[in-house]
Amino acid sequence: MEISHILESLNPAQREAVTAPLGPLRVLAGAGSGKTRVLAQRIAWLLAVENASPWSILAVTFTNKAAAEMRGRIEALLDIPIRKLWIGTFHGIAHRLLRLHWQEAKLPQGFQILDADDQQRLVKRMIRDLNLDDKKWPPPQATWFINARKDEGLHPHQIHAQDDPAQRQLLRIYQSYQEHCERTGLVDFGELLLRSYELLRDDPTLLRHYRERFLHVLVDEFQDTNTIQYNWVRLLTGGQGDVFIVGDDDQSIYGWRGARIENIHRFSEDFPGARTVRLEQNYRSTGAILEAANAVIANNLERLGKTLWTEDSAGDPIAVYAAFNEYDEARFVMERIRHWLEQGGKRSEVGILYRSNAQSRVLEETLLGARIPYRVYGGLRFFERAEIKDALAYLRLLANRDDDPSFERAVNMPPRGIGERTLESLRILARESKLSLWRAAQGVIGSGHIAARAGLALHGFLTLIDTLERDTKELSLPALVDEVLKRSGLLDLYGKEKSDKGEMRVENLQELVNAAATPAAAPVAQADEEEPMNELAAFLAHAALEAGEGQASAWEDCVQLMTLHSAKGLEFPMVFIVGVEEGLFPHQQSMREPKRLEEERRLAYVGITRARRQLFLSHAEKRRLHGREIYPKPSRFLAEIPVKLTRDVRTRTTVHFTQPRRPGSVESEAGVALYPGQRVRHRSFGEGIVQTVEGQGAHARVQVRFAKAGAKWLILSYANLEPI
DNA sequence: TCTCTTACGTTTTTT
DNA sequence: ACGTAAGAGA
């Protein structure tokens, strides 16, 4: 294996990390410092120089995208088959372990994965089953509680009964939810991790086997690990051996969903002899952008410390725009993009980042009006669409009749006369006899417990599923899916919907058949030594673990709109961060607590470091939020950027305005020219200087910096400004 | 049982 | 402002 070409392109710190002697190593990789590259090359190094067997390598990421990218990079570096490498997400790998060792994990062979939506529905049902008021015990909150406990590695029996009655009640909900999942073979995302942790913890033979096998463990984005993931890594590696972790504590932005920034801090204590390498040279951004990022993040106290530098020139200053309102802000963004495109820039080189999704609407409207194609990240993903989940519910019932959430979804979709009444008596029956809804339904037919008509409908449903299974035994997966779509009546149901929405749904359902035909349905490549998973089971697991892309037109040349969170890991030559205002960013609910504020600041750091060449920050003086007008102050993060790095932008236009028309008066053509720099007088604000002039006619407005009152935006036709 | 209306609560999101 | 979710009428 030719290795010198791999090393030549690395800087000293990167090379130190890639070629480090075996043992615990922590790589603190700043934004844009070549993190993914180092990770991939380390694996290449292990294989080529340390003579590691592909068999002995386990590489863990957080997202499927990152796993795919890593696999791609390694494939590009080496021309050996990497099928035997385990590269995957925490959840994907945990799932794989559980499928391989379902017996040891005390799971039924056909266990199903519960996605967030299914989980919430089930929790809600548990709350009702416990005769609790779901107003007082909101299902999202209870679900949150359950997931938080699982993220901490706690099953119900490990939680000590608290004196707090609310906690006790939540614990009861957790308990009954957990029992139900165990009984019906359902595993939620948190359970995947927790179960596979317990599997290794409680089975010394298995643990020894995997410890001896995975001699090289690599973990990406370590700052995002939660307690159970951290403990899982510790358990698997025994706190020693060749553990290579990469992360950046300054980019930890998922504390709110259980990520523990301490994990990357305490690595050196829990893994004795661990060394730390810092990657601080940035290859992405201009000097000004980096300096701004450094200055902002320096205000955080809880840091391992790291200062990014670059050989690049300072570049353009960071542009700060004080907008009149969110529409003005959007227009500013749009005009700058237009300018960029006129200069030959590509649309896909532009990223617009915001703190919360609600901010995208005005931006979208404006881009739509300007005919600039854009793509919004996030939102509903393919496997989360209602019609897809309907179809999957049938497939899941075929795989596991005890899957209650799927039963509830499919039983009256399309409507077949099985309503809330019938379902409720089924639920009661199921609860009392500790059966799944399916079994309860089998028992209830003809028993007189429910109305004859409903009984008939129910019988029809059970027969449908049973005959579907019988008739499709020999079919390929896509043919099976196709058959399910037709015989369930879902295709007819959506086909009859007149709107284009129905048409879209039919298309999506057909796309599901295509998805079933794509063999990529293995989250972690199947290694040859294992028995291949049942095709349907693998497809269902794929659907749950990898929800698919948000929007289809990923390849078109589009401006990219997304939240700051989803921008992590991406970069754009031109970046706008909009709504940089107190209350929005930092968000209202994170402003009080210092810890949460620091996370907001890290989010700002992530946002700033997404930019390669040009960075625009904007804030509005007036904003409509939840139907209310607010007058937010510019964000403190703006003030944390040294003034010398920024430039205030204002639109350079001059407009003529006419004095307000008096009723009945003849329209006067004699306008007064206002231009930036013009001195004016206002009745109550006094004297000031025009900063920015925008818009035409009645919509024209000016920003004036008054000597006493400060900067104000004024509508020209109301302000009665008098030029001096 | 289905459809229409009203009330409510609004960060961030992956698996 | 806006979407969802629960309750009342057809």
Side-chain angles (χ1 to χ4, degrees), chain A residues 60-67 88-95 113-121 124 134-135 138-141 144 147 150-151 187-194 196 221 224-226 228-229 252-259 326 353-362 365 377-381 383-384 386 412-424 451 453-454 457 523-524 541-548 550 562-569 579 583-591 596 599-600 602-604 606-607 623-629:
Chain A
V60 195
T61 63
F62 274 83
T63 64
N64 292 298
K65 204 172 139 202
T89 62
F90 272 105
H91 291 86
I93 285 165
H95 172 245
I113 301 169
L114 218 49
D115 74 11
D117 187 56
D118 298 332
Q119 186 190 26
Q120 185 129 299
R121 284 165 196 268
K124 185 173 174 181
D134 58 7
K135 286 260 159 41
Q141 225 169 287
W144 179 273
N147 289 335
K150 290 196 178 188
D151 284 348
V187 173
D188 60 47
F189 288 130
E191 188 72 13
L192 282 173
L193 299 173
L194 185 44
S196 83
E221 304 276 20
D224 287 338
T225 52
N226 62 29
I228 190 68
Q229 287 160 335
S252 161
I253 54 175
Y254 287 111
W256 51 274
R257 67 174 198 216
E326 67 269 33
L353 315 182
Y354 35 81
R355 176 69 236 265
S356 64
N357 283 310
Q359 289 169 258
S360 78
R361 212 194 79 237
V362 175
E365 279 172 18
Y377 275 68
L380 257 204
R381 315 239 290 283
F383 286 109
E384 287 168 1
N412 203 32
M413 194 66 186
R416 39 172 82 85
I418 302 166
E420 200 46 43
R421 252 313 255 279
T422 316
L423 212 48
E424 193 51 39
R453 207 162 128 182
V524 176
H542 168 78
L545 288 173
E546 198 168 342
M562 67 193 80
T563 62
L564 286 151
H565 281 89
S566 36
K568 195 169 81 152
L584 202 59
F585 187 32
H587 196 274
Q588 193 71 45
Q589 277 148 272
S590 303
M591 283 175 26
R596 301 181 70 182
E599 184 153 307
E600 294 282 313
R602 291 194 291 269
L603 197 53
V606 167
R623 183 179 295 275
R624 191 166 267 281
L625 196 67
H626 311 317
R628 263 210 170 76
E629 304 252 272

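Per chain, numbering begins at 1; letters A, B, ... match sequence-line order.
Rounded to a whole Å, the CE atom of A/Met591 is 14 Å from the P atom of B/dT11. Atom C1' of nucleotide B/dT13 and atom OH of A/Tyr354 are separated by 13 Å, given to the nearest angstrom. We find that CG of A/Asp151 is positioned 12 Å from C1' of B/dT13, with the value rounded to whole Å. Atom CG of A/Leu603 is separated from atom P of B/dT11 by 15 Å (rounded to the nearest Å). As a whole-Å value, the separation of A/Arg602 CZ from B/dT12 P is 18 Å. A/Gln359 places its CD atom 11 Å from the C1' atom of B/dT12, with the value rounded to the nearest Å. If you measure from atom CZ of A/Phe62 to atom P of B/dT14, you get 13 Å, rounded to the nearest angstrom. When the P atom of B/dT14 is taken as reference, atom CG of A/Asn226 falls 16 Å away, rounded to whole Å.
Checking B/dT11, B/dT13, B/dT15 against every side-chain atom of A/Ser590, the shortest atom distance belongs to B/dT11. For A/Asn412, taking side-chain heavy atoms from C-beta onward, the closest of the listed nucleotides B/dT14, B/dT11, B/dC2 is B/dC2. Between B/dT13, B/dT11, B/dT15, one nucleotide has an atom nearer to the side chain of A/Asn357 than all others, and that is B/dT13. Which of B/dT15, B/dT12, C/dA1 sits closest to the side chain of A/Arg361 comes down to C/dA1. Among the nucleotides B/dT12, C/dA1, B/dT15, the one closest to the side chain of A/Thr563 is B/dT12. Taking only side-chain atoms of A/Arg624, from C-beta outward, the nucleotide of C/dA1, B/dT13, B/dT15 with the closest atom is C/dA1. Picking from B/dT11, B/dT15, B/dC2 the nucleotide with the shortest atom distance to the side chain of A/Thr89 gives B/dT15.
An OP1 or OP2 oxygen of B/dT15 is reached within less than 4.0 angstrom by a side-chain nitrogen or oxygen of A/Arg381. The side chain of A/Lys124 contributes an N or O atom lying less than 4.0 Å from OP1 or OP2 of C/dA6. Neither OP1 nor OP2 of B/dT14 sits under 4.0 Å from any side-chain N or O of A/Asn64.
Separation of the P atoms belonging to C/dA5 and B/dT12 is 16 Å when rounded to the nearest angstrom.
By the stacking rule of 5.5 Å between ring centres and under 30° between planes, A/Trp256 stacks on the base of B/dT12. Remark: ring of A/His587 stacked against base of B/dT11; centroid gap under 5.5 Å, plane tilt under 30°.
Residues A/Ala544 and A/Ile418 each lie close to DNA chain B; by heavy-atom proximity, the contact nearer the 5' end of the strand is made by A/Ile418. Mapped onto DNA chain B by nearest heavy atom, A/Glu600 and A/Pro415 fall at different nucleotides, with A/Pro415 at the one closer to the 5' end.
Distance alone, capped at 3.5 Å, places no donor-acceptor pair between the A/Gln120 side chain and the A/Asp117 backbone. When atom types are taken as modelled, the side chain of A/His587 and the backbone of A/Gln589 share a donor-acceptor pair closer than 3.5 angstrom.
The aromatic ring centres of A/His565 and A/Trp256 sit less than 6.0 Å apart.
Contact annotation for A/Lys568: no contact, since no heavy-atom pair falls under 4.0 Å across all strands. Here A/Asp224 lies out of heavy-atom contact (under 4.0 Å) with every strand.
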### Query
Can A/Asn147 and A/Gln119 be said to form a side-chain contact (heavy atoms from CB on, under 4.5 Å), step by step?
CA-CA 10 Å; A/Asn147 289 335; A/Gln119 186 190 26; 2.8 Å; yes
### Query
Please walk me through it: do A/Glu600 and A/Arg596 pass salt bridge (charged side-chain N to carboxylate O under 4.0 Å, His left out)?
CA-CA 6 Å; A/Glu600 294 282 313; A/Arg596 301 181 70 182; over 6 Å; no
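With hydrogens and angles ignored, a donor-acceptor pair closer than 3.5 Å exists between the side chain of A/Arg596 and the base of B/dT11.
With respect to A/Lys568 and A/Asp224, a salt bridge is recorded, a charged nitrogen being found less than 4.0 Å from a carboxylate O.
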